[in-house]
Novice: 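Please read through the structure below; I'll follow up with questions.
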Amino acid sequence: MPLTTTFEANRLLLEGSLALSEIEGVGVRVDREYVKKTIEDVGHTIRALHADMQKDPVFARMRRRFGDKTKLSSADQVAKLVFEDLGYTPVVMTEGGESEDPNERRGRASASAKALEHVDIPFVKNYLLAQKYTKLVTTYLGNIMQEMVQHADGDWYVHPSYNLNTVVTFRSSCNNPNYQNIYKRDPAFAAIMRKAYRSRREFQLGECDYSSAEVKVAANYTLDPTAMREAMDPKADPHREAACKLLHLRPEQVNKYIRNTVKAAWVFAQFYGDYYLSCARNIWFQLQSPNAVVEGATDAAGKPLHVLEHLKAKGIKELGDCDPEQRPRPGTFEAHAQQVEEWYWGVKYPIHTQWKRDWYNEYLRRGGFMMKTGFAVNGVYKRNEVINSPIQGSSFHCLLKAMIRIVKLFKKYKFKSRVIGEVHDSLNLDIHPSERDDVINLCRDSMTTWLVKQWPWLVVPPQVEPECCPVDGSWYDLAALKEQDGIWVPADADKWAAKYGDWSLQS
DNA sequence: TGAACGAGCCC
DNA sequence: GTACGCGCTCGTTCA
């Protein structure tokens with residue numbers, strides 16, 4: 001018997017569609033003049049980079065090979081140039097098309113940023129930068145120009161469309177324009193793009209994010225006691241702990257760069273089913289950075305002690321061969337990562353590990369699985385999909401369920417404030433300053449206290465981190481808030497004051 | 001003109 | 001024995 005989606009789950013999607021269509025109607029204000037100006041500026045930058053490339057001796061070789069067809073934006077040509085003509089050794093290959101013969105390789109050497117990262121010549125650096133700026137103009141800025149419309153108030157808005165029927169894990173997706181993939185991690189590009197999205201006039205953009213949404217939901221599935229404790233204890237720092245194990249450091253020796261590297265390349269990667277070999281390779285690669293130093297330690301010359309030097313002293317002198325066919329050699333980082341992996345799943349999170357086995361075996365037996373939010377998933381899925389999709393899906397459903405209530409209550413209370421968007425585990429708002437505390441409390445309580453009452457399976461309680469920008473600010477100006485004597489104020493008061501003046505001005 | 005592919009951004 | 005997953009949008013290439 002195939003598993004059946006519950007009535008409740010169906011109703012969640014129906015009501016979710018209604019709430020999302022209201023949000024689509026509201027739209028997000030954009031700064032049309034800024035976008036136009038930025039497209040011009042970035043255009044100059046791209047032309048300058050292309051001019052530099054054409055002066056480069058390497059360009060002459062490109063001309064010899066491709067003649068009139070030479071194109072500075074062709075990944076195919078750059079890959080051939082670098083890895084065939086210039087003789088660099090390819091380390092990343094492309095997928096290539098379908099093939100009857102599994103032994104046949106159809107891919108070519110990749111021209112991605114990762115594949116070209118170690119090709120240290122100006123021509124390639126300029127190529128990568130030009131490509132990145134091109135993407136910025138054609139996709140991100142271009143989409144705003146294509147999609148924006150003028151409202152009766154004279155300002156310009158985009159109205160992203162949200163879908164609940166396109167994703168196999170029962171998450172949402174977003175298009176025309178996609179509001180869910182705007183630069184965030186690259187500071188320079190995040191600044192350029194996020195300044196284009198503005199609050200309505202006399203409003204403040206706001207955001208209510210679930211903190212570590214998927215980690216907490218995962219703990220609700222596995223009930224691993226260590227994971228549950230870490231998810232509930234604000235002082236727990238599993239990323240730092242993993243960094244200590246992996247790099248033979250004491251907690252106070254872990255700087256921000258190291259912690260972030262381990263968080264992304266070890267904790268999350270392992271959590272999503274990656275394994276020691278690719279983790280070791282990625283971390284080793286990140287450790288080449290000059291930022292990878294041991295906090296508070298210096299080398300013989302009095303300079304900050306690099307983590308690679310520190311590891312050498314601990315007997316780890318090289319990455320290792322990273323050959324899936326061979327056992328890792330002792331004394332390599334690869335071998336060390338394998339040992340840490342055994343500790344991680346065998347000792348630190350044994351219940352989580354057991355849950356993965358049980359959950360997958362149960363899927364194999366029944367041919368499907370049920371999400372805690374009532375969605376039935378029947379069909380053929382890979383092991384990691386079976387383990388990850390209920391966690392991803394359920395995390396989004398927490399936001400969706402709360403969002404439905406929030407949209408209804410905003411209407412009921414006749415708030416001027418509006419929900420303007422959603423990014424899987426965060427809610428985006430235009431907040432009228434006069435309603436600010438009420439709006440944030442309503443969102444926070446709906447996403448936490450109220451939700452837990454609806455879904456008692458949330459034994460690890462969700463948490464919300466509100467942010468907002470100054471009146472008439474942009475998405476780039478978001479700053480974290482904290483609750484103080486019943487009202488919401490900037491978490492870092494000094495930083496806020498230095499940038500935007502006194503908080504009392506935001507009214 | 002359309003499909004396939006490669007590339008890069010988000011959670 | 002494993003080899004994170006899910007999306008959207010664009011430019012290039014080729015039929």
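Computed over heavy atoms, backbone and side chain alike; hydrogens, waters and symmetry mates excluded. Naming: A, B, ... by sequence-line order, numbering from 1 per chain. Nothing here was measured: the structure is a model prediction, and the numbers come from that model.
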Novice: Describe the nucleic acid contact of A:Glu422 in one word from base, sugar-phosphate, nothing, applying a heavy-atom distance below 4.0 Å.
Specialist: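 It contacts nothing in the nucleic acid.
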Novice: Touch check for A:Ser389, heavy atoms < 4.0 angstrom, all strands: base, sugar-phosphate only, or nothing?
Specialist: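 No contact.
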Novice: Across the strands shown, which category fits A:Ser395 at heavy-atom distances under 4.0 angstrom: base, sugar-phosphate, nothing?
Specialist: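 It contacts nothing in the nucleic acid.
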Novice: Is any side-chain nitrogen or oxygen of A:Thr134 closer than 4.0 Å to OP1 or OP2 of C:dG11?
Specialist: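 Negative; the distance criterion is not met.
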Novice: How would you label the contact of A:Tyr183 with the nucleic acid (heavy atoms, under 4.0 Å): base, sugar-phosphate, or nothing?
Specialist: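 Counting heavy atoms under 4.0 Å across all strands, the contact made by A:Tyr183 is with sugar-phosphate only.
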Novice: Hey, is the main chain of A:Ile351 close enough, under 3.5 Å, to the side chain of A:Asp224 for a donor-acceptor pair?
Specialist: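 Answer holds: yes.
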Novice: Does any N or O donor sit under 3.5 Å from an N or O acceptor when you compare the side chain of A:Arg171 with the base of B:dC11?
Specialist: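 Check passes, donor-acceptor contact within cut-off.
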Novice: Answer yes or no on whether A:Lys71 is positioned over the face of A:Phe66, meaning its NZ or CZ is under 6.0 Å from the six-membered ring centre and within 45° of the axis.
Specialist: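 Geometry flag: not set, cation outside 6.0 Å or 45°.
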Novice: Grab the CG-P distance between A:Asn175 and C:dG7 for me, whole Å please.
Specialist: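 In whole Å, C:dG7 P and A:Asn175 CG are 13 Å from each other.
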Novice: With sugar-phosphate meaning primed atoms plus P, OP1 and OP2, does A:Ser426 contact a base, only sugar-phosphate, or nothing at under 4.0 Å between heavy atoms?
Specialist: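 The residue A:Ser426 makes no contact with any strand.
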Novice: If only side-chain N and O atoms of A:Asn178 are considered, is one of them under 4.0 Å from the OP1 or OP2 phosphate oxygen of B:dC10?
Specialist: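 The answer is no; no side-chain N or O of A:Asn178 sits under 4.0 Å from OP1 or OP2.
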Novice: Do the side-chain N or O atoms of A:Asn143 get closer than 4.0 angstrom to the phosphate oxygens (OP1, OP2) of C:dC8?
Specialist: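 A:Asn143 to C:dC8 OP1/OP2: no side-chain N or O under 4.0 Å.
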Novice: Contact class for A:Arg383 (heavy atom, under 4.0 Å): base, sugar-phosphate, or nothing?
Specialist: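 Contact class for A:Arg383: none.
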Novice: Would you indicate what A:Ala213 reaches in the nucleic acid, counting non-hydrogen atoms under 4.0 angstrom: base, sugar-phosphate, or nothing?
Specialist: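 The residue A:Ala213 makes no contact with any strand.
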Novice: Using whole Å, what does the distance between atom C1' of nucleotide B:dC11 and atom CD of A:Glu465 come to?
Specialist: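 Atom CD in A:Glu465 sits about 15 Å away from atom C1' in B:dC11.
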Novice: Once you round it to whole Å, what is the distance between C1' of B:dG8 and CG of A:Asn181?
Specialist: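 Spelled out: CG on A:Asn181 to C1' on B:dG8 is 9 Å.
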Novice: Could you check how far CD of A:Glu117 sits from P of B:dG8, rounded to whole Å?
Specialist: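 A:Glu117 atom CD is separated from B:dG8 atom P by 10 Å.
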Novice: If we only count heavy atoms from C-beta on, is the A:Asn163 to A:Cys174 side-chain gap below 4.5 Å?
Specialist: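 Result no, sub-4.5 Å side-chain heavy-atom pair not found.
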Novice: Base, sugar-phosphate, or nothing: which does A:Lys184 touch, judged by heavy atoms less than 4.0 Å apart?
Specialist: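 Sugar-phosphate, no base atom in range.
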Novice: With distance as the sole criterion, do the side chain of A:Lys71 and the base of C:dT12 form a donor-acceptor contact below 3.5 Å?
Specialist: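 Side chain to base: no pair present.
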Novice: Would you state whether a donor and an acceptor, one from the side chain of A:Gln392 and one from the base of C:dG5, lie under 3.5 Å apart?
Specialist: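 Side chain to base: pair found, below 3.5 Å.
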Novice: It should be established whether A:Ser74 places a side-chain nitrogen or oxygen under 4.0 Å from OP1 or OP2 of nucleotide C:dT13.
Specialist: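 So the side-chain polar atoms of A:Ser74 do come within 4.0 Å of the phosphate oxygens OP1 or OP2 of C:dT13, strictly under.
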Novice: Roughly, in whole Å, what's the span from CD in A:Glu385 to C1' in C:dA3?
Specialist: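 Computing the A:Glu385:CD to C:dA3:C1' distance gives 13 Å.
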Novice: Atom OH of A:Tyr140 to atom C1' of C:dG11: distance rounded to whole Å?
Specialist: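 So the OH-C1' distance, A:Tyr140 to C:dG11, works out to 14 Å.
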